[in-house]
Amino acid sequence: MLMTDKSNKKLFIGVWTETHHELTSESRLWKHVICQAISDSYLGTDKEKLSVGKWILTEDFVAVCDLATLNSENLSVKIKEILTSKPLVARYLGER
């Protein structure tokens, strides 16, 4: 059962969860941005992979992870593992 309390702008799912709808949507949006970066790391062109490699080293990446409620340090390590398996990006990150 999904009901919206429009006066308080809260989303109620069942009886045990109460969360602010706008924050949930915003968090989902930023998680999709992270998912796209991971997808580009695996399947993207060399240019896209290099772009992701540069992005994970910036403060913007940390901000996006915060907005997505994800740990930026752990995530950057995992994305680096994906990227360093690609020779072009490994050279940029100094891994090989």
Side-chain angles (χ1 to χ4, degrees):
M1 179 176 181
L2 184 66
M3 297 184 335
T4 303
D5 178 3
K6 294 186 189 234
S7 63
N8 292 329
K9 292 189 177 186
K10 291 184 180 176
L11 180 71
F12 298 94
I13 303 171
V15 292
W16 56 273
T17 303
E18 181 180 312
T19 181
H20 198 266
H21 180 67
E22 284 80 3
L23 294 179
T24 302
S25 297
E26 181 180 350
S27 178
R28 266 196 320 254
L29 169 71
W30 292 112
K31 284 179 183 176
H32 284 287
V33 170
I34 297 291
C35 287
Q36 185 62 49
I38 294 169
S39 176
D40 289 348
S41 299
Y42 275 113
L43 305 171
T45 64
D46 287 343
K47 184 178 179 181
E48 290 169 335
K49 292 172 186 173
L50 191 57
S51 178
V52 171
K54 291 177 181 178
W55 180 58
I56 64 171
L57 300 174
T58 66
E59 287 298 316
D60 288 341
F61 175 75
V62 175
V64 168
C65 288
D66 287 343
L67 291 168
T69 64
L70 297 170
N71 184 314
S72 61
E73 293 171 5
N74 292 341
L75 191 56
S76 67
V77 167
K78 296 300 181 187
I79 293 175
K80 274 186 181 181
E81 287 175 8
I82 297 166
L83 291 172
T84 55
S85 67
K86 316 298 182 201
L88 174 72
V89 180
R91 281 195 307 266
Y92 175 78
L93 296 175
E95 296 291 329
R96 286 189 180 168

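Keep in mind that what you see is a predicted model, and the values were worked out from it rather than measured.
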Which distance, rounded to the nearest 0.5 Å, do you find between the [atom1] of [X] and the [atom2] of [Y]?
{"X": "D40", "Y": "T45", "atom1": "CG", "atom2": "OG1", "result": "7.5 Å"}
{"X": "L83", "Y": "S41", "atom1": "CG", "atom2": "OG", "result": "4.0 Å"}
{"X": "Y42", "Y": "I82", "atom1": "OH", "atom2": "CD1", "result": "4.0 Å"}
{"X": "E48", "Y": "L50", "atom1": "CD", "atom2": "CG", "result": "11.0 Å"}
{"X": "D60", "Y": "K54", "atom1": "CG", "atom2": "NZ", "result": "14.0 Å"}
{"X": "E59", "Y": "D66", "atom1": "CD", "atom2": "CG", "result": "9.5 Å"}

Item to check | Verify same cluster id: V33, L67 (apolar side-chain graph, 4.5 Å) | outcome: yes
Next on the checklist: Quick check on the hydrophobic clustering: are I56 and V62 connected, directly or via other members, by side-chain heavy-atom contacts under 4.5 Å?
Outcome noted: no
When you compare the side chain of [Y] with that of [X], does any pair of heavy atoms fall below 4.5 Å?
{"X": "V77", "Y": "E81", "answer": "yes"}
{"X": "I38", "Y": "K78", "answer": "no"}
{"X": "L75", "Y": "N71", "answer": "no"}

Next on the checklist: Pair K31, S27 - check side chain to side chain contact (heavy atoms under 4.5 Å, CB included), show working.
Outcome noted: CA-CA 6 Å; K31 284 179 183 176; S27 178; 3.6 Å; yes
Checklist entry - Any idea which heavy atoms bring C65 and I34 closest together, and the distance? => result SG-CD1, 3.9 Å
Checklist entry - Which heavy atom in S72 sits nearest to a heavy atom in F61, and how many Å separate them? => result O-CE2, 3.5 Å
Next on the checklist: Test side chain to side chain contact (heavy atoms under 4.5 Å, CB included) on V52 and K80; report intermediate values, then the result.
Outcome noted: CA-CA 9 Å; V52 171; K80 274 186 181 181; over 6 Å; no
